[in-house]
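For reference, the structure is listed below as structure tokens.
Here is the naming used below: chain letters follow the sequence lines, and residue numbers restart at 1 for every chain.
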2 protein chains.
Amino acid sequence: MNYSRQREIIFSALKENVVHPTAEYLYSVLKEKDPNISLATLYRNLNQMAEKGLIKKIDGLESASHYDHNTHEHYHFICKKCKKVFDISSNVAPEIVVKTKAETGFEIDSYDIVFSGLCKDCFEDIKEEK
Amino acid sequence: MNYSRQREIIFSALKENVVHPTAEYLYSVLKEKDPNISLATLYRNLNQMAEKGLIKKIDGLESASHYDHNTHEHYHFICKKCKKVFDISSNVAPEIVVKTKAETGFEIDSYDIVFSGLCKDCFEDIKEEK
DNA sequence: CTCATAATTGATAATCATTCTCATTTTATA
DNA sequence: TATAAAATGAGAATGATTATCAATTATGAG
């Protein structure tokens with residue numbers, strides 16, 4: 001990853017922002033420092049830095065929403081390789097909610113836990129490939 | 001909510017699908033049962049049913065991703081009203097990961113917990129409005 | 001320092017999921 | 001059965017993000 005002035009200002013703008021900004025908001029901030037910066041450059045750099053672990057991208061699954069007829073409390077696991085979504089039964093969560101409510105004073109009315117990684121099948125596949 | 005044949009087949013298609021389908025996938029299944037069904041009808045009904053709690057919509061925050069320079073382990077809380085994203089410190093999560101790994105055998109390499117509800121300020125605002 | 005190569009950029013078109021619009025049809029009920 | 005409310009289908013519109021591509025910039029060897 002070569003140096004670029006644009007990446008530099010993107011990273012520092014992100015560090016100076018307490019509220020986790022969206023790309024659009026960052027763009028409005030960045031244009032003040034560099035009126036010529038391109039939206040494509042911003043997205044490119046955000047993705048790059050997120051890949052390298054320099055920043056974190058907060059979002060859900062991939063782009064498309066998934067729908068579930070099971071409305072009971074449970075979590076989801078999405079496999080990075082095959083993109084399948086699996087149910088994970090819930091038996092730890094209530095504690096998290098109670099604890100988080102106490103710590104923050106926020107009114108929590110829902111939460112989602114999404115794990116990601118490799119499902120069993122894809123993990124086997126990758127082992128075989130080696 | 002009035003009865004509609006389309007909603008009926010959407011709901012049953014969803015129940016018959018083990019893997020949590022995307023709208024696009026559901027659409028391809030549904031067209032076999034009703035070649036005239038519209039994508040708009042599908043989305044409309046999925047949103048409606050999710051609102052009524054008949055099904056669950058699995059996705060992250062709102063549409064746009066948020067970015068975070070804090071790469072330490074922590075969760076997020078998104079306020080339904082002001083849409084701000086807050087950090088929630090982590091001190092329960094490792095147990096969840098260990099437990100989930102043991103139960104499923106999946107290779108979990110990351111997970112996100114996103115709480116949603118009302119932040120303190122918005123909760124106060126709403127109380128005052130009453 | 002200077003050239004060659006790879007990385008990066010800006011501008012804009014393209015994509016993809018989703019929502020909106022609106023005229024038409026269906027459902028519920030008085 | 002008449003009427004109002006709800007739902008539909010088709011396609012346009014939107015919003016976030018990614019892809020394309022020619023031009024610019026960074027880097028490392030000589």
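Taking side-chain N and O atoms only, Ser38(A) has no distance below 4.0 Å to OP1 or OP2 of dT9(C). For dT26(C), the OP1/OP2 oxygens have no side-chain nitrogen or oxygen of Asn2(B) closer than 4.0 Å. The side chain of Tyr43(B) contributes an N or O atom lying less than 4.0 Å from OP1 or OP2 of dT18(C). When the side-chain nitrogen and oxygen atoms of Tyr3(B) are compared with OP1 and OP2 of dT27(C), none of them lie within a distance under 4.0 Å. Applying the 4.0 Å criterion to OP1 and OP2 of dA6(D), one finds that Gln48(B) has every side-chain N and O outside that range. Residue Ser4(B) places at least one side-chain N or O closer than 4.0 Å to OP1 or OP2 of dT8(D).
When the P atom of dA7(D) is taken as reference, atom CG of Leu39(B) falls 18 Å away, rounded to whole Å. The distance between atom OH of Tyr25(A) and atom C1' of dA16(D), rounded to the nearest whole Å, is 19 Å. One interatomic measurement links the two molecules: CE of Met1(B) to P of dA7(D), which rounds to 7 Å at whole-angstrom precision. Note: CD1 (Ile10(B)) to P (dA7(D)) measures 12 Å, nearest angstrom. Taking atom OH of Tyr27(A) as the reference point, atom C1' of dA16(D) lies 14 Å away to the nearest angstrom. Remark: C1' of dT9(C) and CZ of Arg7(A) are 11 Å apart, rounded to the nearest angstrom. Per the geometry, CG belonging to Leu42(A) stands 17 Å off P belonging to dT12(C), to the nearest Å. dT8(C) atom P lies 12 Å from atom CD of Glu51(A), rounded to whole Å.
The pair Lys33(B)-Glu16(B) meets the salt-bridge criterion, with a side-chain N (NZ, NE, NH1 or NH2) lying under 4.0 Å from an Asp/Glu carboxylate O.
Summarising the geometry of Phe11(B) relative to Ile55(B), their closest heavy-atom pair is CE1-CG2, 3.7 Å, with the distance given to 0.1 Å. For the residue pair Ala23(B) and Leu42(B), the shortest heavy atom distance occurs at O-CD2, 3.3 Å.
With dT8(D), dG11(D), dA11(C) as the choices, the nucleotide that has an atom nearest any side-chain atom of Gln6(B) turns out to be dT8(D). In this structure, the nucleotide among dA16(D), dG9(D), dG10(C) sitting nearest to the side chain of Arg44(A) is dG10(C). Listed nucleotides: dT19(C), dG10(C), dT17(D). Nearest to the side chain of Asn47(B): dT19(C). Distance from the side chain of Ala40(A) is smallest to dT12(C) among dT8(D), dA10(D), dT12(C).
The only member of Thr41(A), Leu14(A), Ile9(A) that meets side chain to side chain contact (heavy atoms under 4.5 Å, CB included) when paired with Leu30(A) is Ile9(A).
Looking only at side-chain heavy atoms (C-beta outward), Lys31(B) and Asn36(B) stay at 4.5 Å or farther from each other.
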